[in-house]
2 protein chains.
Amino acid sequence: MESPTARTEIRKGSIARELRRGTLELIVLHLLEPGEAYGYEIVTKLTRETQGALEVTDGTLYPVLYRLERAGFVGVRWDTPERGVPRKYYQLTDAGRQELHALTTEWSAFADAMARLLGTGHPR
Amino acid sequence: MESPTARTEIRKGSIARELRRGTLELIVLHLLEPGEAYGYEIVTKLTRETQGALEVTDGTLYPVLYRLERAGFVGVRWDTPERGVPRKYYQLTDAGRQELHALTTEWSAFADAMARLLGTGHPR
DNA sequence: GTCGTATGTCTTGTCACGCAAGATACCTTG
DNA sequence: CAAGGTATCTTGCGTGACAAGACATACGAC
């Protein structure tokens, strides 16, 4: 099993990098919907839930979380156990849930438009 | 009818701007597939074919076309009539057709992964 | 005739953001 | 104690969409 620490080099020539633009916020908010999670957990969760189709490195994720926090879309809670590495837990706020909904809608509209445009000839 | 000259301000807070990243090349190559077209024509064609769902300004398009040309994905032909504004026509090259296919595949994989991830609860 | 508007091309500068790479620290297992 | 997994954060780079502006030709209205 590949650990997140073994940083997977993301292909340069690929458009995958650009596709993450704009979808990453949506993805993170979506992953937080079922309940709070900490950064490292989100990275592994995303890789697992998409069978590696969508991946992200921690160097990418942490800035996103910071942005979401500043925007008021997520709340933060530190868990500092006596023994063990401290974890920073993120939870959706009401505004975050609203944003999640808005982004989901926007994404659907875009994906639909793309599908219609690229649509394999089948007219109408 | 809205003319392309009346530049539609693209919403700043929207993710639409980011979503175009990576898809724009694919979109342009796709629009060139049926046959050659000139820049201005592509702008209007995209707006029309997607009922405005996907739009692009000429300031965005021309750099894309230049990139595609440099990459060898499109060929160029000037049409300079005695009377009238000169037009620069673009056509897909073989490499461009190949790229179009590759990008389409990549896009589909990404869109599918997103759909699976966001999938409305229906588990498994 | 000239003013506005549509057609058509191109360039400059700005800004956002994904990412590689590196730093730091703790814990476990051999 | 040395590796490697867990966990966080920061710096710097490159890419690319876009607004704004410039420029030129054509055509209509006034």
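Each chain gets a letter, A, B and so on, in the order the sequences are listed, and its residues count up from 1.
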Please state whether the phosphate of [N], meaning OP1 or OP2, lies under 4.0 angstrom from any side-chain nitrogen or oxygen of [X].
| X | N | result |
| --- | --- | --- |
| A:Y62 | D:dC9 | no |
| A:R17 | D:dT15 | no |
| B:R21 | D:dT15 | no |
| B:T60 | D:dA17 | no |

Give the rounded distance in Å between these two atoms: [atom1] of [X] and [atom2] of [N].
| X | N | atom1 | atom2 | answer |
| --- | --- | --- | --- | --- |
| A:E69 | D:dT8 | CD | C1' | 13 Å |
| A:I42 | D:dT6 | CD1 | C1' | 15 Å |
| B:L19 | D:dG16 | CG | P | 16 Å |
| B:R70 | D:dG16 | CZ | C1' | 15 Å |
| B:L26 | D:dA17 | CG | P | 12 Å |
| A:D58 | D:dT11 | CG | P | 15 Å |
| A:L61 | D:dC9 | CG | P | 10 Å |
| A:E18 | C:dA16 | CD | C1' | 11 Å |

Are the side chain of A:T93 and the backbone of A:F73 linked by a donor-acceptor contact shorter than 3.5 Å?
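Yes: the side chain of A:T93 pairs with the backbone of A:F73.
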With no hydrogens and no angle check, is any side-chain donor or acceptor of B:E41 less than 3.5 Å from a backbone partner on B:Y38?
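Confirmed, B:E41 side chain pairs with B:Y38 backbone.
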Check each residue of residues 77-89 of chain A for a non-hydrogen atom within less than 4.0 Å of any atom in DNA chain C, then write out the ones that pass by number, or none.
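Under 4.0 Å from DNA chain C: A:R83, A:G84, A:V85.
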Got more than 12 heavy atoms from elsewhere within 6.0 Å of CD, A:Q98?
no
Which of D:dA17, C:dG18, D:dT10 is nearest the side chain of B:R67? It is D:dA17
Candidate nucleotides C:dC19, C:dC10, D:dT8, ranked by approach to the side chain of A:Y40 - the nearest:
D:dT8
Start with the C-alpha gap between A:E18 and B:E18, add the side-chain angles, then the distance that decides, and say whether side-chain contact (heavy atoms from CB on, under 4.5 Å) holds.
CA-CA 8 Å; A:E18 311 300 336; B:E18 312 300 336; over 6 Å; no
To the nearest 0.5 Å, how far apart are NE2 in A:H30 and CG in A:L26?
8.0 Å
So how far is it from A:R116 CZ to B:L54 CG, rounded to the nearest 0.5 Å?
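If I round to the nearest 0.5 Å, the distance is 8.5 Å.
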Counting any heavy atom closer than 4.0 Å, what does B:Y66 reach on the DNA or RNA strands: base, sugar-phosphate only, or nothing?
nothing
Report yes or no: do A:T60 and A:T57 form a side-chain donor-acceptor pair below 3.5 Å?
yes
